[in-house]
Amino acid sequence: ESTEKPSQLKTRPQLQADVHRFSIQPLHRFKGPSASIKRPREVAHFSFDEDHKYVEDESGINYYVPPPMGVDLKEGFETFRHYEDKVDAHLDAMLKALVDKEKKSGKNSRVKADFVTWRGMMTKIMTTPFDNFAEFSMFATIHDGTIYIEEDFPSRAAERAAEASQPPPRHQHPDQQSREMMTYWGYKFETLALIPTPPSITPPAEIEQHQRSVVSNHAQHCSIVNTSFGPHSLILGGEVDGLLAPKSSDPDTPIQWAELKTAEELPPPARQQHRDILKFERKLLKFWAQSFLLGVPKIIVGFRSKAGILRALQTFNTHELPGMVRRGTGCWDGNVCINFATEFLGWLKEIVKEEGVWSIVLKKKSGVVEVRKIKEGTGDILSEDFLQWRMEAK
Ligand code: A3P
Ligand code: MG
Ligand code: MG
C-alpha cells in the first residue's frame, strides 16, 4: 500500500510526463464535407514468401478467380498453415521496401511524408468514431520531420494470449465455430478465389489445383502507397488480396486490386430484420476503411451460411459504400471518419514534435485517446538498416 500523499506523487518528475488527450465525442465537430483526400498511389511493394520471408518483388501477387459456390469453408482446417506473428515485426518490412526502392531509383527519390505507418493503424483510427468498442495501443516517433507509427505489439500479443486461454463457452450452439475456424474460413475463401497467374492464361485444371491447395497465410503481397488526409501526407503499407486485371505499365492508372471478405449471409428479404442489415452495414465500415486507405477499388464479399458454406458473391465498389450506408441504416458516416482522422493527425503533429517514443492509447469505452512520451530515442520503431540508409542518403 502506498503511503505517499497525492501531493507527493505530483512531484515525481519521471512519472509526470504530460498526458495529451483527444476526445472522440462529440462527433458533430467532424460532420460536413470531408477533408480533401489524395487518391492513393503505389510507391513501392514487396511480398512475403511461403516461409513469410521478405522478398523484394511481385511474387506474392495473386489474381481473382470466381470461387465455386456451395463449398464448405471448413474443408482442410486440419492442414491450415497458420502464420501468426510471434515476434514484433515493427515497421521493418515497409521500411526495407522503401529503402530498396530508394536505392534502385537513385538520389532524390526519397519518399517523403508527414506520417508513415501500416494501413491497419489508420483503419483503427478512422473507424474509431463509429466503433463503440474501439481500442488501440500504438507507438510513435519522429525522425527527420516524419512521424512513424507502429502497433504496440507486446500489448496485442498479451491480449491474444489471454483470449486463447479462455475456456470455450459451456453451452455452444451447434453452428457456433471456434475463433480459429472463423479465421480459417476467411483464408479458405481467399484460396478458392486467388491464383498466382491471370485466369485468362491459366488452364482450368491448374485453377482447380490451386483452389484445392493447402490453405496458408504465410505468403502475402503488400502495397505501399502515398496518400493524404487534408494537409497531412501519409505513406501506408498493407496487404492486398488480388488483382482483377494485370497491373498497367502506366503508374497513373489505378491498380485493379480486389479486397476479399467473408460475411454471414443475410436472411431472404422477406425475413430480413433491421438488426441483420445493421450487423452487415457495421461490418462494411471496416471493409470500406481498409480498402479506401490503399485505394482498393473493389470489395468482393463471399456470403457464407452460419455453418460456413459459401453461398453467394457480391462485388461492392469501395467508393459507393459510404453512400449505401447513409441511405441504409446510417450506422456510420465516411466523411466523419475522414475528418476525424484528419483532425487527429493534425493534433498528433502538434504533440510529437521532439524526439522520443510516444504511446498512443485508446482504452475501450474511455472515449479519449491519450498520448504521452514514454522514453527517449526512437525505440525499435525504426530499424538500424533504415536509420543507416537515411544517414548515408543525406
Ligand atoms: P475475412 O475478412 O473474410 O474474415 P483480410 O480480409 O484482411 O484480407 O484478412 C483475411 C482473413 O484473415 C480474414 O478473412 C480472416 O479470416 C483473417 N483475419 C484478418 N484479420 C483478423 C483478425 N483480426 N482476427 C482474426 N482473423 C483475422
Ligand atoms: Mg488480405
Ligand atoms: Mg481479405
Side-chain angles (χ1 to χ4, degrees), residues 45-48 52 60-65 67 71 73-77 80-85 89 93 118-124 126-127 131 133-137 151-153 155-157 159-164 166 177-194 215-225 236-244 255 257-265 279-280 282-306 308-316 318 321:
H45 55 251
F46 65 94
S47 304
F48 287 117
H52 202 73
I61 288 189
N62 280 310
Y63 293 83
Y64 175 74
V65 60
V71 177
L73 296 175
K74 300 189 290 304
E75 245 169 51
F77 177 59
F80 184 22
R81 287 193 67 236
H82 193 182
Y83 177 82
E84 257 191 305
D85 32 351
W118 290 116
R119 175 264 315 269
M121 300 300 99
M122 272 304 283
T123 307
K124 286 186 189 194
M126 263 182 90
T127 56
D131 178 357
F133 299 97
E135 59 177 334
F136 52 72
S137 183
E151 176 161 48
D152 171 0
F153 178 83
S155 291
R156 188 169 59 89
E159 220 167 80
R160 221 163 42 187
E163 273 171 15
Q166 293 265 321
Q177 304 294 332
S178 70
R179 187 179 291 273
E180 182 72 0
M181 180 61 84
M182 297 188 75
T183 299
Y184 176 75
W185 62 33
Y187 291 117
K188 174 70 182 180
F189 177 61
E190 292 192 355
T191 306
L192 292 169
L194 297 172
V215 175
S216 160
N217 66 333
H218 283 63
Q220 279 185 15
H221 183 71
C222 295
S223 178
I224 302 176
V225 303
L236 301 175
E239 200 213 353
V240 278
D241 287 340
L243 285 171
L244 289 168
I255 306 175
W257 297 117
E259 170 60 51
L260 302 184
K261 289 290 180 189
T262 56
E264 194 179 320
E265 63 187 340
K279 186 175 157 199
F280 179 64
R282 283 208 177 113
K283 229 177 156 166
L284 287 180
L285 170 59
K286 291 230 170 68
F287 295 3
W288 169 73
Q290 185 185 0
S291 304
F292 167 86
L293 286 164
L294 289 186
V296 173
K298 304 261 185 203
I299 302 169
I300 300 173
V301 178
F303 288 98
R304 53 151 183 90
S305 68
K306 267 195 185 7
I309 311 296
L310 184 57
R311 299 270 198 218
L313 292 173
Q314 193 174 352
T315 301
F316 295 91
T318 305
L321 289 181

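Because only heavy atoms are used, hydrogens play no part in the values below, and waters and symmetry mates are left out as well, while side chains stay in. We count ligands from 1, going down the list as the structure has it; atoms in each ligand are counted the same way.
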Which atom of Glu239 approaches the Mg ion (ligand 2) most closely (N/O/S): OE1

Just checking, any donor-acceptor pair under 3.5 angstrom between side chains of Ser223 and His45? no

Would you call the rings of His218 and His52 parallel, tilted or perpendicular, where under 30° means parallel and over 60° means perpendicular? perpendicular

Shortest non-hydrogen contact from Thr262 toward Lys283: O-NZ, 3.4 Å

Ranked by distance from atom 10 (C) of ligand 1, the top protein heavy atom is Glu190 OE2, 3.2 Å

N or O contact, Thr262 vs ligand 1, cut-off under 3.5 Å: yes

Provide the closest heavy-atom pair for Phe48 versus Ala93 in the form atom of the first, atom of the second, distance. CZ-CB, 3.8 Å

Result for side-chain contact (heavy atoms from CB on, under 4.5 Å) between Leu192 and one of Val65, Leu260, Val215, Leu73 points to Leu73

Could you confirm whether Lys261 has any N/O/S atom lying under 2.8 Å from the Mg ion (ligand 3)? no

Checking only N/O/S atoms, does Glu190 have one that is under 2.8 Å from the Mg ion (ligand 2)? no

Do Phe280 and Phe303 have their ring centres less than 6.0 Å from each other? yes

Does either side chain, that of Lys261 or that of Gln290, offer a donor lying less than 3.5 Å from an acceptor on the other one? yes

Looking at Phe316 and Val301, what are the two nearest heavy atoms and their distance? CE1-CG2, 3.6 Å

Protein heavy-atom contact under 4.0 Å for atom 20 (N) of ligand 1? no

Heavy atom of the protein closest to atom 25 (C) of ligand 1 (residue, atom name, distance): Thr183 OG1, 3.5 Å

Can you name the closest pair of heavy atoms from Ala258 and Leu244 and give their distance? CB-CG, 3.8 Å

Determine if the distance from atom 27 (C) of ligand 1 to the closest protein heavy atom is below 4.0 Å. no

Students often mix this up, so state it plainly: with edges at 30° and 60°, are the rings of His82 and Phe80 parallel, tilted or perpendicular? parallel

Quick test: of every protein heavy atom, which one is nearest to atom 2 (O) of ligand 1, and how far off is it to 0.1 Å? Lys261 CD, 3.3 Å

pair Glu239-Arg119: side-chain heavy atoms closer than 4.5 Å: yes

Which ligand 1 atoms, with their elements, are less than 4.0 angstrom from a heavy-atom of Leu260? 6 (O)

Per-atom contacts, ligand 1 versus Asp241 - under 4.0 Å to a heavy atom: 8 (O)

Indicate yes or no: does an N/O atom of Tyr184 lie under 3.5 Å from an N/O atom of ligand 1? no

Find all atoms of ligand 1 within a distance of less than 4.0 Å from any non-hydrogen atom belonging to Gln290, and give their numbers and elements. 7 (O)

So, does Met182 sit close enough to ligand 1 that a heavy atom of it is under 4.0 Å from the ligand? yes

Applying a strict 4.0 Å limit to heavy atoms, is Tyr187 in contact with ligand 1? yes

Just jot down the ligand 1 atoms closer than 4.0 angstrom to any heavy atom of Glu259, in number order. 5 (P), 6 (O), 8 (O)

Can you tell me the N, O or S atom of Asp241 that's nearest the Mg ion (ligand 2)? OD1

Under 4.0 Å from atom 16 (O) of ligand 1, can you find at least one protein heavy atom? yes

So, Glu259 and the Mg ion (ligand 3): N/O/S under 2.8 Å, yes or no? yes

Under 4.0 Å from atom 23 (N) of ligand 1, is there at least one protein heavy atom? no

Between Thr123 and Lys286, the two heavy atoms sitting closest are CG2-O, 4.4 Å

If you measure from atom 14 (O) of ligand 1 to every heavy atom of Gly238, Ser291, Gly186, which option wins on shortest distance? Gly186

Classify the ring geometry between Tyr184 and Phe77 as parallel (under 30°), tilted (30 to 60°) or perpendicular (over 60°). perpendicular

